[in-house]
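Below: the structure, in structure tokens.
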Amino acid sequence: MKQELIKLLLEHGIIKFNFKKPFTFKSELRSPIYVDLRECMKHYKIMELIKNLFKIKIEKLSIDGILGVATGGIAHAMFLNTQFRLPFGYVRLDAKAYGLGKNIEGIDVLWKTIVVIEDTVSTGGSLLDSIKILKDSGASFVYPLCIYSHEMEESKKGFEEAGYILEPLITFTDVIYSEKAKEMISPEEYILLLSWKSNPKDWFEKFKDFFEPETA
């Protein structure tokens, strides 16, 4: 099921590579891989695979509700909740800026054991901030799950220091060594990918002569 999901994500360009003009993340990191899981909503089969992979993880747990991290995790948490029929909600980090200023919509998390779902994790900041909001609001325990993780050291360290284990459905390593990716990536491009994973902050500067010149 995992390999089928990766294959579809690559075929539909939801996970994409560019080794000539690297992508720019919101954090300003440059990267040869980009993951836009909001595009999953166009494809029912992909949504169903994600739901079933999450189901395998969640059905082992005793939980009181499922929340998504706004905005990328909301659709997946809601779709998944049709399986478990539990209270649902979402966490938003910018709530103080407008409306009633509520960080949590939907389920009351007080004394509850909660699953919180993010779509993509890079540094892990948004998901860790969401966990803090849930704990500060009285949640007894929080299980953090995500669809995809870049497996950054910063993320790993952040979750370890906070006392949580992040459980992604698929990882950077899963993707680049999948059968579908092997059809798409040359040996030289594998070097670029692995170098990025080992040091994403300095990667672009190190390999800048390899990329196409940037236009103003």
Side-chain angles (χ1 to χ4, degrees), residues 1-2 5 26-27 35-41 44 46-171 174:
M1 197 173 350
K2 180 189 288 190
L5 174 59
K26 186 177 181 181
S27 63
V35 182
D36 185 6
L37 291 173
R38 289 172 177 80
E39 291 291 303
C40 293
M41 292 184 284
Y44 181 83
I46 291 175
M47 294 291 288
E48 188 74 9
L49 281 169
I50 291 170
K51 181 185 79 171
N52 289 335
L53 285 166
F54 273 135
K55 177 176 176 288
I56 291 168
K57 291 183 178 293
I58 292 174
E59 63 189 2
K60 302 173 186 176
L61 309 174
S62 177
I63 62 171
D64 302 303
I66 300 172
L67 291 98
V69 177
T71 58
I74 295 176
H76 298 285
M78 183 179 291
F79 196 49
L80 179 64
N81 209 41
T82 62
Q83 181 74 43
F84 288 94
R85 299 178 183 273
L86 289 167
F88 162 79
Y90 62 90
V91 187
R92 55 185 187 183
L93 304 179
D94 60 349
K96 300 302 181 186
Y98 52 83
L100 299 178
K102 293 168 65 177
N103 287 113
I104 301 170
E105 299 287 358
I107 178 176
D108 178 1
V109 302
L110 184 64
W111 307 122
K112 302 292 197 308
T113 298
I114 299 297
V115 162
V116 60
I117 291 175
E118 177 67 289
D119 56 355
T120 302
V121 169
S122 51
T123 63
S126 294
L127 185 49
L128 286 166
D129 287 346
S130 297
I131 292 170
K132 186 177 186 304
I133 287 170
L134 293 169
K135 291 296 292 181
D136 289 348
S137 299
S140 297
F141 194 81
V142 180
Y143 293 99
L145 303 177
C146 71
I147 299 170
Y148 170 87
S149 169
H150 279 303
E151 299 180 292
M152 290 185 179
E153 282 300 315
E154 183 178 347
S155 170
K156 181 181 177 182
K157 182 179 179 182
F159 282 98
E160 285 178 351
E161 289 179 349
Y164 293 93
I165 298 173
L166 175 64
E167 292 199 43
L169 299 184
I170 59 174
T171 65
D174 292 329

| Full working for side chain to side chain contact (heavy atoms under 4.5 Å, CB included) between Leu67 and Val109 | CA-CA 10 Å; Leu67 291 98; Val109 302; 4.2 Å; yes
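A 4.5 Å side-chain heavy-atom check between Lys2 and Leu169 finds every atom pair outside the cut-off. Residues His76 and Met47 have side chains in contact (heavy-atom distance under 4.5 Å, counting atoms from C-beta outward). In this structure, Ile58 and Tyr143 have side chains that are not in contact, with every pair of non-hydrogen atoms separated by 4.5 Å or more. At least one side-chain heavy atom of Ile46 sits under 4.5 Å from a side-chain heavy atom of Leu5. Side-chain contact between Asn81 and Leu86: present, with at least one pair of heavy atoms (C-beta onward) separated by less than 4.5 Å. Looking at Asn103 and Ser137, their side chains never come closer than 4.5 Å, going by heavy atoms from C-beta outward. Side-chain contact between Leu80 and Phe88 is absent, with no heavy atoms from C-beta onward closer than 4.5 Å. Looking at heavy atoms from C-beta onward, Leu93 lies in side-chain contact with Ser130 at the 4.5 angstrom threshold.
Contact detail for Ala139 and Lys135: the closest heavy-atom pair is O-NZ, 3.3 Å. Nearest approach of Ser155 to Ser122, heavy atoms of both residues: CB-O, 3.1 Å. The heavy-atom pair separating Glu48 from Phe79 by the smallest distance is OE1-CZ, 3.6 Å. Closest of all the heavy-atom pairs between Cys40 and Ile50 is SG-CD1, 3.9 Å. When all heavy atoms of Ala70 and Tyr90 are compared, the closest pair comes out as CB-CD1, 4.2 Å. When all heavy atoms are compared, the tightest approach of Ile66 to Ile63 is CG1-CD1, 3.9 Å.
To the nearest 0.5 Å, atoms OH (Tyr148) and CG (Asp119) are separated by 12.0 Å. Note that OG1 of Thr120 is 4.0 Å distant from CG of Leu37, once rounded to the nearest 0.5 Å. Here the straight-line distance linking atom CD1 of Ile117 with atom CZ of Phe54 works out to 4.5 Å at 0.5 Å rounding. Once rounded to the nearest 0.5 Å, the distance linking CD1 of Ile133 with CZ of Arg92 reads 10.5 Å. Separating the CG atom in Leu53 from the CD1 atom in Ile147 is a distance of 10.0 Å, to the nearest 0.5 Å. Glu154 CD to Ser27 OG: the interatomic distance, rounded to the nearest 0.5 Å, is 8.5 Å.
If you check the side chains of Ser126 and Asp129, you find no donor sitting under 3.5 Å from an acceptor.
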List the atom pairs, with distances to 0.1 Å, where a side-chain N or O of residues 160-167 and a protein N or O form a donor-acceptor pair under 3.5 Å, not counting sequence neighbours.
from, atom 1, to, atom 2, distance (Å)
Glu167, OE1, Lys57, NZ, 3.2

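Checked by atom type and distance alone, the side chain of Ser140 pairs as donor or acceptor with a backbone atom of Trp111 at under 3.5 Å.
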